[in-house]
Structures are given as structure tokens and as C-alpha cells.
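Below is one structure, written out as C-alpha cells; the observations come after it.
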Amino acid sequence: MSGNEQNQDILQQQLKGKKLSGKTLKRHDSLELESSKVPEVKKALEWSVILKLAFQSIGVVYGDIGTSPLFVFATVFPNGVKLEEDILGALSLIFYTITLIPLIKYVFIVLRANDNGDGGTFALYSLICRYSKVGLIPSQQPEDKDVSTFKLDLPDRRTRRASKLKSKLESSNFAKFFMLIATMLGTSMVIGDGILTPCIAVLSAVGGLKAAAPSVLTEERLIWIAVAILILLFMFQRFGTENVGNTFASVLSLWFIFIAGIGIYNIVKYDPTIIRALNPKYIIDYFKRNKKNAWISLGGVVMSITGGEALFADVGHFSVLSIQISMCCVTYPALILAYLGQAAFLMKNIDDVADTFYKSIPHSLYWPVFIVAVLAAIIASQALISGTFSIIQQSLALGCFPRVKVVHTSTKHHGQVYIPEINNLLMLSCVIVTLTFRTTEKISNAYGIAVVFVMVLTSCFLVLVMIMIWKTNILFVIIYVLIIGTVELIYLSSVLYKFDQGGYLPLAFSMFLMFIMYVWNYVYRKKYHFELEHKISPLKVKEAVDETNYHRLPGLAIFYSELVHGIPPIFKHYVENVPALHSVLVFVSVKSLPISKVPVEERVLFRRVKPCDLYVFRCVVRYGYNDVHNEEESFERLLAERLKEYIRYDSMLSMNAAKSNRVSTEQSSNMELEIDCDIQEDVTFSRERDIEVVERAYSVGVVHFVGEQDVIAGKGSGIAKSVVINYVYNFLKRNLRQSSKVFDIPHKRMLKVGMIYEL
């Protein structure tokens, strides 16, 4: 048997096994043929791997919430403690807040709402977008749902409640815009955490120097020490966290051992009966005594759960079970013991509330604990900064952030990224905030709003997931809203009370960042709709070529476009001005799916533009928001190889279709065999010729055509639209990276094609 016959048999077996021929005959205005699909295989992790991940998660996930004991009691009682019973009330509030929000809500409920292993605000939004059509970019294809990681694990029966909610979301433009705006605002708030966390963590840690030598180290000197540490912290971001990542878990583990041990020591030494504060009766008494002041102090209690969102945002680096183990076995017990010990210390030293943590340390352990505290604060800052980079990367992939350079600092872990422009912005913002606010108390007023708002937003999205996707019993949804939702809203009202005392900072920063994100996304959508309305059909391609006295040049040309449904209008603009086409043309659309990762073997889809002698192909390259666009393998080589695979696959489909059309059931077996041989010879010759054309074009050289669309507001546009498009968007575009730099397209083989879009 010849090699060609063997290949044909293999392809026939694949077609029968995968049953793809029926699907590819559907006529959609999208790519109809896709690369081979690989079923999703979920392998259960061994316990040794789970425990290793649990240990590693200690150093990445819990830096923020783990360093909260440095300043919580000082922020709860900024004006000092009046009664010892107030300490019991505050401790009871801290205990139930940590138990209810980070432990019950995040560890046991929210972590289940991960998007194929990834978490965070955008992960929740993309999960909802996949189940209901609430996305605003009309780029979804029928084939997208066949991606193994795109599918949702849903029960067979759909309740009337879930369907009704889904239909309301899909039919309401207001709901779509509101969800997008809420996601942008929540993302902006998390980025705000990336500014405030380094400031408050480092300031709290260096505060131990003042406690040790108050006469030498003044407040001014401590502030400049904190600024120096912050600048060094951001300067080292370019080196990534891979080399020092293994030490993070060891340092944080030592930190938790220290605070738990000191907590036990203080409980035994000062007040073993402090455990009585776990009775919620002390919360009621606390509010009866202090009324409005008790409600205001909730803004300080919130500081005990800062970093709770990191439990969800960082789940993609580990696993749900590993985070549950590390939280329940290490972090939660250590934090509770630390706060019990500090409260026991305050019962006998009520005047030391401003420096509770450092004053409660045994003298012999003071300097070792101080060193570990500084390291833990830096690690906490590192975790939030890295989280900010990851969030920006997700925003970029979904068209919600201006183009910036994303540097992958690890060859092993794609999630470890560094963004130079964002790093410089964070560093400058941190220095300004530290020099302006100067104390942890003032920064905590700003910090609380960002923390609680993101938690409330997560709860809102989670309720949608519960109803539409999980089909949760409505009784449990109501219980969740009444208990956790109510508690979070009460905390939000408390932190908003301090709006004029620094609380305006995260809101102002978030509104500024959200404005930039919305402007970019707004014009991004307008451009897409413009191209969609002016797209060129395959028939128009033939007409455009025939109307032009063009020449075919040897080589492979790749046209980049954001349009998925058709050929972009810039092609006609190019043909009319440059009457020369390469021997093989591929229109590539780099598309981001609302999932975390797309398997490499499912990444590329092709479709051929008829007539075949034009050698024009459409291609969609699909990425998830956590995929790396610039793999080690050359994209040019990958495209050429996948194109040849597609030609082989398409020829087999053509052969089967031709056989079924030309041979009727009434014909004799001899005639059928003769026609089959003729068809097979024709298809084989055509396939080998097409593959040879592609190989020859690739060997001659690849040219990349990048569309540079200048956008202006259309005639009759309002003032707001004109300002947004003509000035704000174009200013951002001029001062940020171009697409050629983002995709690392070789400059020597790149040509830019300009065109003006009137939006």
C-alpha cells in the first residue's frame, strides 16, 4: 500500500471515529472546519502533589491576610480603648468575620466557581458569558463551544428560574453593559489593592523600628525607609518571582508559626479566659454600648480579611483542594491564635493598642519576629503586585485594556508575568500614597473600600452562577444573600463613612482606570462592528481580484485582523492601491475566548475561500486569557504546518462528498469502483499540488500585513462621542504599544496597511 493510500485510510478512520463530516457541512458565517479536538481529561492529583501545592500556596495566597495582625487592633481603636469589654467585642467581630468571609464564603463556596481552574473577577464574568450571551463582542463561533475547556459541566434538567434569569440577561442591553462596567470597576479596585497593600504592609512592618528606638527613628525617617523598600521592591519585579518563589512559602510558614506561638504565649500569660470572646453575645453588647462608634469601627475589622479575594484570584496557580487544606490547617488557626493572643495582651495593657503587635512580642524574640515581619510584608506586596499583572493580562485578552507589553518571567509557569508600564505606574502611585497619607490608619480608610467592594461584587456574580449554572436550591441562595450578603453590605456602609478621610482614593483611582478601560473597550467594539458591517464576502474577494489587474508574487502573506466573521475591508483597500498578491494568502484573526486556556491542538481553525485557485484562506487563532501568545515554536511554522493538515483534511471531505454525489445506489459495483478511482486520483493530485504550493510559498518567505486603522468619529456624532474617539482613544493609541510590538512580528517582514474608519 502506498503512503498516500495509507494517509487516506487514516483520514477516513478519523472521519468515521470523530463524526465530523456532518458538522462541517453546516453553513455558518464563521470557520466551519476545526482542528482535531482532544477530549478534556481531568486527572486526580496525588496527595503528595496536593500537599506540595498546599505548602506553596502559603507563600503566594496568604501574604496579605497573614500580615493583617500587624495593624488590625490599631485601626479598630484609632482613639484608644475605653473599656476592656470593647476588646472582647472587637475580638468576637474579628473571629466571626474571618470565619464567615474568607473561610466559609471563599474557601468552601467561591472556589467552586472557578473558570477551568482560574479565579478572579474576570473569571466569574467569563464563566457567565459562556453560559449566557451577555458578551458585547459578536465574535463567538459555533466551533468555540467544541473547545474541550469551553464546555460547561451542567446538569441535564434546567429549571424555569435559571432559564428565565438567563433570558432576561440576554435580552437586556442594560444588564450587559452593567455587568461589563461592574467587572471593570471590580478589576480596577483589585488593581487599587496592588497600590495600597504594599504601602500599608511595609509601613506596618517598619513600624517595629519605631517601637524599638522611638527617639532615634522619627516618623519622617520611617516613611522614607518605607519608600526606599517600596522602590527596591518594584525595581526587582523585572526579574520575576521564579527564582525566589520557593522561599516565599518557607518565610510565610515561619511567620504563621511565630504569630501562632506568640498568640499562645500571650493567652497563657495574660488571660487564658479570652476564649470567652467567641460568644457572639459580646458583639451585641459592643454595639449596645458604642452604637455609631461600633459601626464605624467595622472599617477597622475589615482589615482582618484583606487579601481574602486572593484566595480566589490565585486558585489557578494551585488547586481548590490545596488552598482549602492550607487555609484550614495553617492560616486560619494561626490567625485566630494571633488575634486571641493580642486581645489577651490588651486586657492587661489597654494603653498599648496603637502598637499591639510589637508590644506583645516577648523581648527575646523581638528582632527575629521583626525581620520575618518585614519579609512577610514584602511577600504580601509581591503577591498583590503579581496579581495585578495577571489581571491586566486577562483584561488585555478580553479587549478591556490598552495594549501594553507582557513579559513572561518564567519558562515553567505561564501565570508569572511582568508588565513594565504597569509596574512603573504602581511604583509611582505607592510612593505618592505613602508620602501623602503617612500612617497605616489613614491608608486603611482607603484600603477598606477597595476590599469590601470587590467582595460584594464577587457575591453578586456568585448569585448569578448559583442560579443559572449550579441550579442551587433557592433556599440556599436566599440564606447566602441574607447572611453573607447582608454582612458585606454592612461593612461596605461602614467603610464608605470614611470617604472623606481617605476613602475617596481607591474610588478616584478606580474611576480613572475604569474610564480608560471603558474608552478602549468602547472603541474596540465600535471598530469590530464597523468591520462586521463592511466585511468582504468570499464572492466579493473574487470580484475584487478580477476587477484589478493584479500580479501574483511568490511567498506567503498573512493579513492580521480582529474580525472573525469574514474578510476585513482593509483587504479591498489594499488590492485597490497595490495590485499585487502573494501566491498564498491567509487572513488571521487572533481571537480571545472567555476561558483561561485553549489547548494547542485546538487553537487553529481554517476555512478556504473559493475558488480554490485563489489560494486564499481564513484562519482564526484562539487563545484563552491566560495563554501565552508567543510560544517557543515559530508561529509562522505552526501556521504553515496546520494549513497543510487542513488541506489534507479538506481534500478527504471533498472526496467523500464527490463520491456521494456522483454515485447513486442504482449503479453497478464496477462503475462505482471505477468512479471512485477517478475521484481518488483527482483529489490526490489536487491535494498534493496545493500542499506543494504552500510549501513553496513558505520557503520563499512570509510577509506580515498589519492593519493600522485610524479611527475618527463619524459625521453627526455627539460631542461626547467625538471627544472619546478623536482625542482620548487616539491619545492612548499614540502613547502605547502597537499591535506589531505586542505580537512580536518581525519588522523586516512586516508591512502596515493604513485605513480610516469613521465610527
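Position 1 is the first residue of the sequence, and the numbers go up from there. Both backbone and side-chain heavy atoms feed into the values below; hydrogens, waters and symmetry mates do not.
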task: Would you please name every residue forming a side-chain contact (heavy atoms from CB on, under 4.5 Å) with Ser253, sequence neighbours left out?
output: Phe55, Ile58

- prompt: Leu475: what forms a side-chain contact (heavy atoms from CB on, under 4.5 Å) with it, not counting sequence neighbours?
  reply: Asn473, Ile479

task: Could you please spell out the steps behind the side chain to side chain contact (heavy atoms under 4.5 Å, CB included) verdict for Leu103 and Ile98?
output: CA-CA 7 Å; Leu103 186 65; Ile98 295 176; 5.8 Å; no

Side-chain donor-acceptor pairs of residues 330-343 under 3.5 Å, sequence neighbours excluded:
| from | atom 1 | to | atom 2 | distance (Å) |
| --- | --- | --- | --- | --- |
| Tyr332 | OH | Thr99 | OG1 | 2.6 |
| Gln342 | NE2 | Pro69 | O | 3.1 |

Heavy-atom side-chain contact between [X] and [Y] under 4.5 Å:
X      : Y      : result
Tyr265 : Ile361 : no
Tyr358 : Leu70  : yes
Lys359 : Asn349 : no
Leu53  : Gln56  : yes
Ile109 : Met466 : yes
Val463 : Val477 : yes
Trp47  : Leu321 : yes
Ile467 : Thr472 : no

For residues 272-280, which side-chain N or O atoms pair as donor and acceptor with protein atoms under 3.5 Å away, sequence neighbours left out?
| from | atom 1 | to | atom 2 | distance (Å) |
| --- | --- | --- | --- | --- |
| Thr273 | OG1 | Asp271 | OD1 | 2.5 |
| Thr273 | OG1 | Arg276 | NH1 | 2.5 |
| Arg276 | NH1 | Thr273 | O | 2.8 |
| Asn279 | OD1 | Lys281 | N | 3.0 |

Minimum heavy-atom distance between [X] and [Y], given as atom pair plus value:
X      : Y      : answer
Val353 : Leu346 : CA-CD2, 3.7 Å
Thr434 : Ala226 : CG2-CB, 4.5 Å
Cys199 : Leu230 : N-CD2, 4.3 Å
Gly89  : Ile283 : O-CG1, 4.2 Å
Leu111 : Val320 : O-CG2, 3.6 Å
Phe73  : Ala90  : CE2-CB, 4.4 Å

field: Check: Leu88 main-chain N/O paired with Ser92 side-chain donor or acceptor under 3.5 Å
entry: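 Side chain of Ser92 to backbone of Leu88, a donor-acceptor pair under 3.5 Å: no, none is there.
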
query: Okay, side chain of Asp355, backbone of Asp352: is any donor-acceptor separation there less than 3.5 Å?
result: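 Not confirmed, Asp355 side chain does not pair with Asp352 backbone.
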
Partners meeting ring pair (Phe, Tyr, Trp, His ring centres under 6.0 Å) with Phe357 (sequence neighbours left out):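 Partners of Phe357 by the ring pair (Phe, Tyr, Trp, His ring centres under 6.0 Å) criterion, ordered by chain and then number, come out as Trp255.
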
task: Step by step, work out the side chain to side chain contact (heavy atoms under 4.5 Å, CB included) result for Leu457 and Leu185.
output: CA-CA 9 Å; Leu457 178 63; Leu185 183 57; 6.0 Å; no

task: Quick one: pull up CG in Leu127 and OH in Tyr125 and give me the separation to the nearest 0.5 Å.
output: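 Rounded to the nearest 0.5 Å, the CG-OH separation comes out at 12.5 Å.
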
- prompt: Passes side chain to side chain donor-acceptor pair (under 3.5 Å), Thr97 versus Tyr491? Steps please.
  reply: CA-CA 10 Å; Thr97 301; Tyr491 276 122; 2.4 Å; yes

- prompt: What residue pairs, at least two apart or across chains, pass salt bridge (charged side-chain N to carboxylate O under 4.0 Å, His left out) with a residue in residues 84-96?
  reply: Asp86-Arg289

Side chain to side chain contact (heavy atoms under 4.5 Å, CB included) evaluation trace for Leu462 with Tyr480: CA-CA 10 Å; Leu462 184 63; Tyr480 177 89; 3.5 Å; yes

Can I get a per-line list of side-chain donor-acceptor pairs under 3.5 Å for residues 293-304, giving both atom names and the distance, sequence neighbours left out?
| from | atom 1 | to | atom 2 | distance (Å) |
| --- | --- | --- | --- | --- |
| Trp295 | NE1 | Ser493 | OG | 3.1 |
| Ser297 | OG | Tyr286 | OH | 2.9 |
| Ser297 | OG | Ala294 | O | 2.6 |
| Ser304 | OG | Val301 | O | 2.6 |

query: Between Met189 and Leu507, is a side chain to side chain contact (heavy atoms under 4.5 Å, CB included) present by the stated rule, with each step listed?
result: CA-CA 8 Å; Met189 287 287 188; Leu507 288 179; 3.2 Å; yes

Apply side chain to side chain donor-acceptor pair (under 3.5 Å) to [X] and list each qualifying residue two or more places apart in sequence or on a separate chain.
X      : value
Glu488 : Lys105, Ser459
Ser57  : Ser326
Tyr518 : none
Tyr282 : none

- prompt: Do Tyr62 and Thr67 have a side chain donor and acceptor closer than 3.5 Å?
  reply: no

Residue pairs passing the ring pair (Phe, Tyr, Trp, His ring centres under 6.0 Å) test where at least one lies in residues 81-112, sequence neighbours excluded: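 Checked against ring pair (Phe, Tyr, Trp, His ring centres under 6.0 Å) - neighbours excluded - no pair reaches residues 81-112.
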
